[in-house]
Amino acid sequence: MRIVFMGTPDYAATALKALIEAGHQVVGVFTQPDKPKGRGGKVQEPPVKILAREHGIPVCQPRRIRTEGVEALKTLAPDLCVTAAFGQILSQEILDIPPLGTVNVHASLLPKYRGSSPVHWAIVEGESVTGITTMMTDAGIDTGDILLQAPLDIKPGETAGELTDRLAALGAGLLLKTLKAIGEGKCPRTPQDEQEMSYFPLLTRETGAIDWRQPASSIVNRIHGLNPWPSAFSPSPWGQMKLHRAEAAEGSGRPGQILVASPKEGLVVAAGEGAVRLTSIQAAGGRAMAPSDFLRGHPLPEGAEQMSGEA
RNA sequence: CGCGGGGUAGAGCAGUUCGGUAGCUCGUCGGGCUCAUAACCCGGAGGUCGAGGGUUCAAGUCCCUCCCCCGCAA
């Protein structure tokens, strides 16, 4: 079976690696173009591209696969396409090319958490269980028929990065299982229940802005759900500060009020309901560290008592 | 060549402007006080100041090169 793989980040590379190691015939890979990333504007290659090159698989990086990638895909003549966090929406014209269709490995239990960042949103929303769904891609966004699903518990305090890694491994396995079932012509197909569906938008930097008026649990979930990217942040007496990890704590006060700030007792901030104990923070220019470490060298400025730029 | 901050004891920082004995808080080790303690008091150990080169009587500090970490913007 000639397979064309479409994906971009590590999550996708894990699936591609599984395909290759299982002996599937991956005849081509589509991934996002190299983009200037990070400091100094150096271009970086997507993990999927790097992996594909190591295995001598042809790589195609159209800016818009819907227009520039059609001919290339036709030439590869795939029987089946597999997508995983590709980052581009496929047109009907693209979907019509592989006779067996296009299988997507989505990191949620569909129809919940449709959209491009299901892992992050599941944590932000405080879910305790998520999972992987393999599905037939159609013209909608994550709306196609469900093939196989596998649940996965979200650990307390788990970050999106950690959960993504575990889901990637789970997804790789489920993908192989799905392809096997398709190959044997006995893969179940279940339409999604539109009544149960939920959709979450693309993450932006602003998604990470902490609103201290929210309940402590929501703030904690947001911090973990946006770790490591795009990262939760808040102004503070020490300047803009990234918040990497936190937990609910005793205490109350005006939202954003700094209740505790000492090397001994750490950093506790009042929320709309309850309080949040920050356990990993990062100031501009510095690395991530525990508040007790940070506070040793950066005592709370005189008169400062709010998580804001004001003193 | 996108803008910018940083690398000094196990941890977090000051000291660099203007060269002249390596500092602070915490931890750690020993001792003391206390019914007791993450409290308090006394004492100690622990540093190639990111690397290399240069200037100088003298470099953490000034000059050149390089390595590493990070914030913003994309």
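We name chains A, B, ... by the order of the sequence lines, and we start the count at 1 in each one. Quick caveat, the model's predicted, so the values are computed rather than measured.
- Within the 4.5 Å cutoff, no side-chain heavy atoms of A:V29 are placed close to those of A:M6.
- The NE2 atom of A:H298 sits 17 Å away from the P atom of B:rC26 (whole-angstrom rounding).
- OP1 or OP2 of B:rG71 lies within a sub-4.0 Å distance of a side-chain N or O belonging to A:K242.
- Closest to the A:M289 side chain, of the nucleotides B:rA11, B:rC13, B:rG71, is B:rC13.
- Across B:rC18 and B:rA58, the matching C1' atoms stand 16 Å from one another, rounded to whole Å.
- Other residues, nucleotides and ligands contribute only 12 or fewer heavy atoms inside 6.0 Å of the CD atom of A:E273.
- To the nearest whole angstrom, the two C1' atoms, one in B:rA45 and one in B:rC29, are 7 Å apart.
- As judged by a 4.0 angstrom heavy-atom cut-off over every strand, A:P36 is placed among the base-contacting residues.
- Each of A:F294 and A:Q240 lies near RNA chain B, and the nucleotide nearest A:F294 is the one positioned closer to the 5' end.
- For the P atoms, the distance linking B:rA9 with B:rC49 amounts to 10 Å, nearest Å.
- Ring-plane geometry between A:Y113 and A:F200 is classed as parallel, the angle between the planes falling under 30 degrees on a 0 to 90 degree scale with a further cut at 60.
- One can place CZ of A:R287 at 13 Å from P of B:rC68, the figure rounded to the nearest angstrom.
- Taking atom P on both B:rU48 and B:rG10, the two are 8 Å apart, rounded to the nearest angstrom.
- At a threshold of 4.0 angstrom between heavy atoms, the contacts of A:G41 include nucleobase atoms, whether or not backbone atoms are also involved.
- If you chain together hydrophobic residues whose side chains sit under 4.5 Å apart, A:L109 and A:I141 never meet in one group.
- Rounded to whole angstrom, the span from the CD atom of A:Q282 across to the P atom of B:rG12 amounts to 13 Å.
- Pair assignment for B:rG12 gives B:rC24, based on Watson-Crick or G-U wobble hydrogen-bonding distances that are each under 3.5 Å.
- Using atom C1' as the reference point in both B:rG54 and B:rG15, the two lie 24 Å apart (nearest Å).
- Shown here is A:E250, whose CD atom has no more than 12 heavy atoms of other residues, nucleotides or ligands within 6.0 Å.
- In this structure, CE of A:M241 is placed 17 Å from P of B:rC70, rounded to the nearest angstrom.
- Taking only side-chain nitrogens and oxygens, A:R39 comes nearer than 4.0 Å to OP1 or OP2 of B:rG71.
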Please determine whether side chain to side chain donor-acceptor pair (under 3.5 Å) holds for the pair A:E158 and A:H224, giving the CA-CA distance in whole Å, both sets of side-chain angles, and the decisive distance to 0.1 Å. CA-CA 6 Å; A:E158 186 163 26; A:H224 291 149; over 6 Å; no
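- The separation between A:W229 atom CH2 and B:rA74 atom P is 12 Å, rounded to whole Å.
- Across B:rA38, B:rG71, B:rA73, the shortest atom-to-atom separation from the side chain of A:R205 is found for B:rA73.
- Taking atom P in both B:rU65 and B:rG46, one finds a spacing of 37 Å when rounded to whole Å.
- Atom NZ in A:K42 sits roughly 8 Å away from atom P in B:rG2 (whole-Å rounding).
- One cannot find a donor-acceptor pair under 3.5 Å joining the base of B:rG27 and the side-chain atoms of A:R296.
- For B:rC62, the paired base is B:rG54 (Watson-Crick or G-U wobble, both distances below 3.5 Å).
- With both pairing distances under 3.5 Å, B:rU17 is matched to nothing as a Watson-Crick or G-U wobble pair.
- Across all strands, A:G38 comes closer than 4.0 Å to base atoms (heavy-atom distances).
- Atoms CG (A:D293) and C1' (B:rC69) sit 16 Å apart, rounded to a whole Å.
- Contact check on A:R166 versus A:E162 returns no salt bridge, with no Lys/Arg side-chain nitrogen under 4.0 Å from an Asp/Glu carboxylate oxygen.
- One interatomic measurement links the two molecules: CH2 of A:W238 to P of B:rC70, which rounds to 22 Å at whole-angstrom precision.
- Spacing between B:rU56 and B:rG19 at atom P, rounded to whole Å, works out to 16 Å.
- Distance noted for atom C1' between B:rU28 and B:rG47: 16 Å (whole Å).
- In this structure, A:K264 reaches the B:rG27 phosphate: one of its side-chain N or O atoms is under 4.0 Å from OP1 or OP2.
- The partner of B:rG47 is absent, by the rule that a Watson-Crick or G-U pair needs both atom distances under 3.5 Å.
- Pair assignment for B:rG2 gives B:rC72, based on Watson-Crick or G-U wobble hydrogen-bonding distances that are each under 3.5 Å.
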